[in-house]
Every structure is written in structure tokens, then in C-alpha cells.
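The figures here come from the full heavy-atom set of this structure, side chains too, leaving out hydrogens, waters and symmetry mates. Residues take their numbers from the sequence shown, with the count starting at 1. All figures in this text were calculated on a predicted structure; none of them were measured in a lab.
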Amino acid sequence: MDLIARLCAGLPGEAVLTDPDVTGSYANDMASFCEAGAPAVVVLPRTVEQVQHVMRTASELRVPVVPQGARTGLSGAANASDGCIVLSLVKMDRIIEINPVDRIAVVEPGVVNAVLSRAVNEHGLYYPPDPSSWEECSIGGNIGTASGGLCCVKYGVTAEYVLGLDVVLADGRLLTTGRRTAKGVAGYDLTRLFVGSEGSLGIVVRAVLALKPEPPGQLALAAEFPSTAAACEAVCEIMARGHAPSLLELMDRTSIRAVNEMAQMGLPDSTEALLLAAFDTPEPAADLAAVAELCTAAGATEVVPAETAAESDLLLQARRLTLTALERVKSATMIDDVCVPRSRLAEMLDGTAAIAEKYGLTIGVCAHAGDGNTHPTVCFDAADPDESRRARESFDDIMALGLQLGGTITGEHGVGVLKKEWLARELGPVGLELQRGIKDVFDPLGILNPGKLF
């Protein structure tokens, strides 16, 4: 019996897609410069048992399996390989439970981040991880890439909210990890191992997520600086003084000018960096006043605090428009996510500006400044081979700079295809050997998302 027939024996007909025009649309995520193959079939299971059937079939026939969520990723982690089974989990989209007493939600992997966030808000609860694609990205994908978001400076990343998982292993067995309790230290932390594993160790089919009480509405301020160094000094002072902003974002001059050109935001041409801070504390105005003083002391030319939620939204609009504005500069973009210690943030931004000049490219940087996570965005013409080459080389230089400054090649987007050569450099030979050994334990046949990470 061939692959398709075997799959159809345990799946409803509508869950198995074989038309090449259709399967081709599942070939890749949103990353540039990442090769993708042609899948043999796309399957869209709705139950755990159907996922188990797919994995047993794949294991018996030695067929690679590429798990996918909403394909909003930026590293090629969801890209198909030739002849693979694309296992799309978007149909497994139930919120199984929201428990206000235990402050947990139990969800399937296809649940969209924003849908979960709104559902728990109705119970006075809050699911903090908020990737910029939160209206589209799925919880399974968030878990697979250990994604972050704007609020990470105060609330942390996805890994800190995953309490337990149900995972279908490569051979079809179902593994349950973790707990529903607030505490739990029994055995090795296999739950954390799966978070960020990009589908290379197993298929997440259910997650127990921690929730927090919904915070008060936040107030924001915007501070304009004559240099990135001054803005980064303000960031360091804000954190060193013990403040806990719910958001602390930075935009460089390239990003500011792109947004100004697109949306006529009215920011002065002399602004070299824009710092945005917000607080969701009981008295956010007092916190904003304290931060405003620190910004002024660091050299801010103007500080504008909001007095209402509507004013806050207006101040934050520039940050939300950054990527859209940079996408208008050229036909293609590459978005990096190098994370450095906060104390080295100015060096990272200044170094990126030097790299842009070296390669003759437009590279705009916005950053989750509060946690040192920068997003250099390389703008280039994909139809120009020389410019495309320079874009890729500049991307590599940015990652090298991040490592040189004591950082990491990826703060929240993952490794996938795009950064696997750099992962080896960051881990070193001993770390790489051990990680490959872990992969072999969970996936001895090497069928789970081959060609990613290592």
C-alpha cells in the first residue's frame, strides 16, 4: 500500500491533500533565502489519534514529516522538504479549558494567539506572549519557535507560560509532559525541551498554558533622542533603577524615516532614535514621570507622555507601522532577531548602521529594547542578484556582531533553515554534539523536520 493510501486509511478524505497546486502553497513560511521542497502530501488532522496515525505511517515508511502551524515564521522552520508529509495542525484549534482558579488554559496547537488572548480576557485573565503576528500565528507555532513579543520585558516569553504538553512522538506514541499545578519539579524538564524545538522532537497536540490576572490598561510615552547611544543609555538607566515597564521599544533613524514617509507621523528629521515606554501598573502616570526624567537626563530632546489609552495607542502607532514601512523601501526584506545584553545595545545598533554603510543597503532597526532583542531589517531588491548577495552577507555580519557582543543569533524567531550554520557557531562543538544526541533519542530515524536546526 502506498503512502497516500496508508494515510487515507486513518484520515477522512478531506484531510488529505494531494493536488500539487494546493500542496505547493504549503511549501514555505515567510522567511527569505530559505530553500523549500515539494511535499508529497499535506494532511490536516483534527484529532490526536489522527496525528498518531500520520506519525506511525511516516515511521513505518521512513517518510519525513514537516509540522506546520500558521506559517508566519521567519526562519524557514516550517519549510517543506521534497517528498515529505506536511502535517498542518491548523484544524486542531479548540480551546479545551479555561480555568480561572488554577489560572491555566488547555488548548490545541492550531488556536490563534489573539483568539486565546481574547477568550481568557473574558475571564479577567491574561496570556502575555504577544508576537507581532498574534492575529495570525498559532500557539503551536509559538511553542515550536519559543516566540516572544512586545511585552516580554515585563512578562517573559512563551517558554515561561508552557506548563505541560501532549506530544506525539516520531513513532506515534503519545507523551504527556509537565503539569497543571503552579509548582512541579518531578524528573527532567521535558516540557521546556520541546519549547523551541521547531518540530524536530515531536508533534505538540495539546498545551497547558499558565495565565495571569489581566493587568490595568497601560499608558505610554515617546522620547526623541539625538543619538542611539543616548536612547540606549536611557534604556540602561530605566532598567538599572528597577522600573518594570510593560513595553520598552526603540526605533532607529532609518525606521523613523520610513514610518514618517509612509504615515506622515511628524517626527523631526533630527530624531536619531525614538524610545517608547509603557506601564500597566496601578499608577502608570507616576511611573511614566520617573522614566521621563531619566530620558531627559540621558539627552532626550522631547518627551511626550500620554494621559489616556487613546493617546497611548497613537504614540505606539509608529512602532506598529515599522515593518510595513520598511517593506515599502524595497521589494524584499530579511528580518533578523539578534539579542544582546542590554548593556551592549548601543554597540549593536551602531554596528548595524556601519554594516548597512559597508554594503550600501538600507537596514532599519526596531528593538524590544527592554530585553536587548533587536530586529535589524535588511531591505533589498530580490530581482537584483548583487543586491541579494549583499543582503545575505550583511545578515551574516549582523549575526556575527551579536555573538561578538555576547548575544545570541535568535531571540524569538528560531533557527530553522536560515540560521542553522550559525547555531553550530553559537553552541560550539560540545553543545552541538549533545543537542544532536537528544535529537537522536526522540527521532532515531531522522524523519521529524529534517534539515532544520542542525
Does the plane of the ring in His413 sit parallel, tilted or perpendicular to the ring in His375? Use 30° and 60° as the thresholds.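 His413 and His375: parallel rings.
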
Does the distance from a Lys or Arg side-chain N to an Asp or Glu carboxylate O, for [X] and [Y], drop under 4.0 Å?
X      : Y      : result
Arg253 : Glu272 : yes
Glu421 : Arg425 : no
Asp350 : Arg344 : no

Strictly distance-based, threshold 3.5 Å: is any side-chain N or O of [X] a donor or acceptor partner for the main-chain N or O of [Y]?
X      : Y      : result
Thr374 : Val338 : yes
Gln68  : Tyr26  : yes
Asp443 : Lys439 : no
Thr408 : Gly411 : no
Glu412 : Gly149 : yes
Arg71  : Asn28  : yes
Gln50  : Arg46  : yes
Thr271 : Leu267 : no
Lys419 : Ile409 : yes
Arg179 : Thr181 : yes

Under 6.0 Å between the ring centres of Phe380 and Phe33? yes

Just jot down the side chain to side chain contact (heavy atoms under 4.5 Å, CB included) partners of [X], sequence neighbours excluded, or say none.
X      : result
Val195 : Ile143, Ala146, Ala159, Val162
Asp396 : Arg392, Met399, Trp422
Glu49  : Thr47, Gln52
Gln317 : Met265, Leu314, Leu321

List the atom of [X], the atom of [Y], and the distance in Å for their closest heavy-atom pair.
X      : Y      : value
Ser255 : Cys366 : OG-N, 4.0 Å
Pro45  : Ser88  : CD-O, 3.3 Å
Pro341 : Leu405 : CD-O, 3.5 Å
Asn79  : Asp29  : OD1-N, 2.9 Å
Ala220 : Leu288 : O-CD1, 3.5 Å
Thr333 : Cys379 : CG2-SG, 4.3 Å

Measure the [atom1]-[atom2] distance between [X] and [Y] for me, rounded to the nearest 0.5 Å.
X      : Y      : atom1 : atom2 : result
Leu448 : Cys84  : CG    : SG    : 11.5 Å
Glu302 : Leu274 : CD    : CG    : 10.5 Å
Leu175 : Phe194 : CG    : CZ    : 5.0 Å

Derivation and outcome, side chain to side chain contact (heavy atoms under 4.5 Å, CB included), residues Asp336 and Val378: CA-CA 8 Å; Asp336 212 330; Val378 183; over 6 Å; no

Test log, rule salt bridge (Lys or Arg N to Asp or Glu O under 4.0 Å), inputs Asp252 and Arg257: CA-CA 9 Å; Asp252 73 345; Arg257 281 153 179 71; over 6 Å; no

Enumerate the residue pairs fulfilling ring pair (Phe, Tyr, Trp, His ring centres under 6.0 Å) with a member in residues 136-174, sequence neighbours excluded, ordered by first and then second residue.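 Residue pairs passing ring pair (Phe, Tyr, Trp, His ring centres under 6.0 Å), neighbours aside: Tyr126-Tyr155.
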
Does any pair with a residue in residues 149-160 pass salt bridge (Lys or Arg N to Asp or Glu O under 4.0 Å), and if so which ones, sequence neighbours excluded? Lys154-Asp280

Kindly state each residue pair satisfying salt bridge (Lys or Arg N to Asp or Glu O under 4.0 Å) with at least one member in residues 121-139, sequence neighbours excluded.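 Pairs touching residues 121-139 that pass the test: Arg118-Glu135.
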
If you count every heavy atom of other residues, nucleotides or ligands that lies below 6.0 Å from Glu97 atom CD, does the total exceed 12? yes

Atom NZ of Lys91 with >12 non-hydrogen neighbours under 6.0 angstrom: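 Incorrect, the count does not exceed 12.
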
Partners passing side-chain hydrogen bond (donor to acceptor under 3.5 Å, both in side chains) against [X] (at least two apart in sequence or in another chain):
X      : answer
Ser133 : none
Arg173 : Asp171
Thr352 : none
Arg320 : none

Under 3.5 Å side-chain donor-acceptor pair for Asn142 and Asn113: yes

Can you confirm whether the side chains of Asn449 and Ser200 place a donor and an acceptor under 3.5 Å from each other? no

Go through the steps to decide whether Phe395 and Ile355 satisfy the test side chain to side chain contact (heavy atoms under 4.5 Å, CB included), and finish with yes or no. CA-CA 9 Å; Phe395 193 82; Ile355 290 169; over 6 Å; no

Could you walk me through whether Ile238 and Leu248 pass the side chain to side chain contact (heavy atoms under 4.5 Å, CB included) test, one step at a time? CA-CA 9 Å; Ile238 290 166; Leu248 192 57; 4.1 Å; yes

Would Met92 and Val111 satisfy side chain to side chain contact (heavy atoms under 4.5 Å, CB included), going step by step from the backbone distance to the final call? CA-CA 7 Å; Met92 296 181 68; Val111 173; over 6 Å; no

Kindly list each side-chain donor-acceptor pair under 3.5 angstrom involving residues 205-218, sequence neighbours excluded, with atom names and distances?
unit_1 : atom_1 : unit_2 : atom_2 : d
Gln218 : OE1    : Ser246 : OG     : 2.7

